[in-house]
Each structure stands twice: as structure tokens, then as C-alpha cells.
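Here the structure comes first, spelled out in C-alpha cells, and everything after it is commentary.
Since the structure is predicted, the reported quantities are computational estimates derived from the model, not experimental observations. Within every chain, numbering begins at 1; the chains are lettered A, B, ... in the order of the sequence lines, protein sequences first and strands thereafter.
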2 protein chains.
Amino acid sequence: MVEITKILKERGFKVTPQRLAVFNVLKNTKEHPCAETIYNKLLPMYPTMSLATVYKSLEVFKSIGIIQELDLGEGSSRYDANTKQHPHIHCLSCGRVEDVDNDMIYDLLDNVKARTGYNLIKQQLYFYGYCPDCQKTH
Amino acid sequence: MVEITKILKERGFKVTPQRLAVFNVLKNTKEHPCAETIYNKLLPMYPTMSLATVYKSLEVFKSIGIIQELDLGEGSSRYDANTKQHPHIHCLSCGRVEDVDNDMIYDLLDNVKARTGYNLIKQQLYFYGYCPDCQKTH
DNA sequence: ATGACTGCAAACCGTTTGCATACTG
DNA sequence: CAGTATGCAAACGGTTTGCAGTCAT
């Protein structure tokens, strides 16, 4: 809360209740919500909040580098306050998105770099399947 | 050419010049084109082709499982006649998308399976950076 | 002949933009 | 007070859909 305020000020952005609210939703969830989900969460407490403001806030956070955008091919983006690049796994039944430990991909990154000659900037690693919960009910 | 005809017939789809044309573009390129790119390639030879037909054809091919859709977060999907799941690398400067060898990810898949308990169905592994060509010109 | 396919235009949906008003610093 | 941010509504862009006419079988 204090931190985000400081970062916004340093970068010349104004500190508004809307921005703090959007950031806090992301900071306090592990569900990787999309813009609309964030908006719906905020509506009860911020009845004048608009979806456009959510998008604009997310854009500011992305530009500052304090959130990252995930595109799992669902038609809408999800957002993550964890800016460290890490793989995600998406349940094809219940739709949840979970983090996957990062430490198993370092070899892979080295291999890709060596074989392609690209200097890697980032990666998006998405796995799809059925989570343990959904496997039970099938 | 013969093959696609056979597959379409077997599945009860009609074999039309438009479908064959769309599939051939995909079959004969390595550039992972989007729908609009396919459309533009076909327009000279198929002046009445419509973008909707390209999309509808791609949808048929996806449902049959003879192409796959890639979502690199560019706003539009790309398509690949290689249906084997394999990683891709995307140049942030010139925009090209290249294949990455598949054989280096088996360990990763085993690890993800073991650690998450998911039964993996598919994955989308995208790497982003600057290709050797673009690195030279910087 | 009949039922699926094409191609046009309109609808769709997530996201972005323009602009008048409100608020931060 | 100056200038940025909000929030509404309209625009945008890729994709999908409805439908009349056409074509594959």
C-alpha cells in the first residue's frame, strides 16, 4: 500500500483511490483475474468505478512494471501482481490458473538461447490440463 | 492435397476450392500466418474469397485437428499446419515466429505433471527476444 | 435435389479512445 | 491552480454470426 503510493509518485503518476483499489485486488489474490473480474470485485465498494478506469490503471501498472499481463488464449487477458516470469497452468474444466515453480525452466531457457541464437527477453509458458479436483469428479 | 480431401470427406465436410486453398497456404509456409495474412495471400488467385470464409475454414481444420492455433498475445491468432505441440520463438523486432525443437521439453512436462498433479493435455510455450538478424542491426 | 458452403454485412466482445467533469498535488 | 485522472459513451479491431444465393455430392 505504502509501496505502490511511493512508486506512483516517483514516476509522476497521481495516487488515486481507484488505482490503489485495482492494485490491491491484484496484490491480494492468486486467481489471476481479468479486467472484468477486477471490476466486479470493486463495484460494491467503488460504485462509480468504470471498466475503462480498470483498464487504464492496469496499463499504468504494466508500464511501470509492477504487474504482468497473461494471455492464455481465453479471449481476455489476465493480470498478475507477481512480475517475475513464471509458468502457469490452466485447468480446462474449472478455469483456474495456478503458478508453476520457476526453477525448472532454467535449463530450458539456456537450451533455447543456444539453439536459436535469440537473446531471450521474456517467455510465456502455459500448460493446460485437468486439475486434481476436477479429475476426481470425472 | 489428396490427404486433406480424404480427411474432409471422411468427416462429412465438403471439399471446396476455398478450403483447399486455405489449407495449402498453411501447409506451404513456415511463417505462422494470421487469418488476414492468409486472406491477403489468396486474394489474387481467389478474388471472391472472403475473410469470413478463411475463419470458417480454419475453424473446420481446428475441429478436425489438422492445424493448431497460436496465441502469442499480438491481438490476432496465428495458425500452424504442424499440429504437434512445439515451442515457438517470436522476434520482438521483425515479428517472425519460428519453431523451437520439441525434444528439450519432455523433462519439463514430466516435472510439471509431477509437481502440479494436473494431467497435461497441451501446452503453449512462447519465447520472446531478438533474432540473430535483428541483433546485427542494433 | 438437398443440404452444406460462400460471401456479404451486421453483430459481437474485449479493449481503447475522446471528452467533459472531478480531483490530486 | 494546473494538469492529470475518472467515467461515460462511442470507436476500434479481430472474430463470429445470420442469411440469401451458390455449389458439392
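Across the protein-nucleic acid pair, A:Leu72 atom CG and C:dG14 atom P stand 16 Å apart, rounded to whole Å. Protein atom CG of B:Leu8 is 9 Å distant from nucleotide atom P of C:dC5, rounded to whole Å. The distance from atom CD of A:Glu74 to atom P of D:dG14 is 21 Å, rounded to the nearest whole Å. Atom-to-atom, CZ of B:Phe61 to P of C:dC5 comes out at 11 Å; the value is rounded to the nearest Å. In this entry the distance linking CG of A:Leu20 with P of D:dT6 reads 10 Å, nearest Å. Regarding A:Arg19, its CZ atom lies at a distance of 12 Å from the C1' atom of C:dC23, rounded to whole Å.
Comparing B:Cys34 and B:Lys14 against DNA chain D, the residue whose closest nucleotide sits nearer the 5' end is B:Cys34. Residue-to-nucleotide proximity on DNA chain D shows that, of B:Phe13 and A:Val60, the 5′-proximal contact is made by A:Val60.
Heavy-atom distances under 4.0 Å link DNA chain D to A:Thr48, A:Met49, A:Ser50 of residues 39-50 of chain A, given in residue order.
For the pair A:Gln123/A:Ile105, a side-chain contact is recorded, criterion being any heavy-atom separation below 4.5 Å from C-beta on. Two residues are said to be in side-chain contact when any heavy atoms from C-beta on lie closer than 4.5 Å; A:Leu108 and B:Phe127 meet this criterion. A:Leu72 is not listed as a side-chain neighbour of A:His32, based on a closest heavy-atom distance of 4.5 Å or more. Using a 4.5 Å heavy-atom cutoff, the side chains of B:Asp103 and B:Tyr106 are in contact.
Of all nucleotides listed (C:dG25, D:dG14, D:dT6), D:dG14 comes nearest to the side chain of B:Ser76.
Taking the ring centroids of B:His90 and B:His88, they lie at or beyond the 6.0 Å cut-off. Between B:Phe61 and B:Phe23, the distance from one ring center to the other falls under 6.0 angstrom.
Listed by chain and residue number, A:Thr53 satisfy the side-chain hydrogen bond (donor to acceptor under 3.5 Å, both in side chains) test with A:Ser50 (two or more places apart in sequence, or in another chain).
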query = What string of B, S and - do you get for nucleotides 16-22 of chain C, 5' to 3', when a contact is any protein heavy atom under 4.0 Å?
reply = BBB----

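For A:Thr16 and D:dT4, the shortest distance from a side-chain N or O to OP1 or OP2 is not below 4.0 Å. In terms of phosphate contacts, B:Gln18 brings a side-chain nitrogen or oxygen within less than 4.0 Å of OP1 or OP2 of C:dG7.
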task = Would you check, one step at a time, whether the test side chain to side chain contact (heavy atoms under 4.5 Å, CB included) holds for A:His86 with A:Gln68?
result = CA-CA 11 Å; A:His86 58 285; A:Gln68 66 171 311; 3.6 Å; yes

task = Carefully, step by step, assess A:Glu31 and A:Glu98 under the rule side chain to side chain contact (heavy atoms under 4.5 Å, CB included).
result = CA-CA 7 Å; A:Glu31 65 171 277; A:Glu98 301 184 70; over 6 Å; no

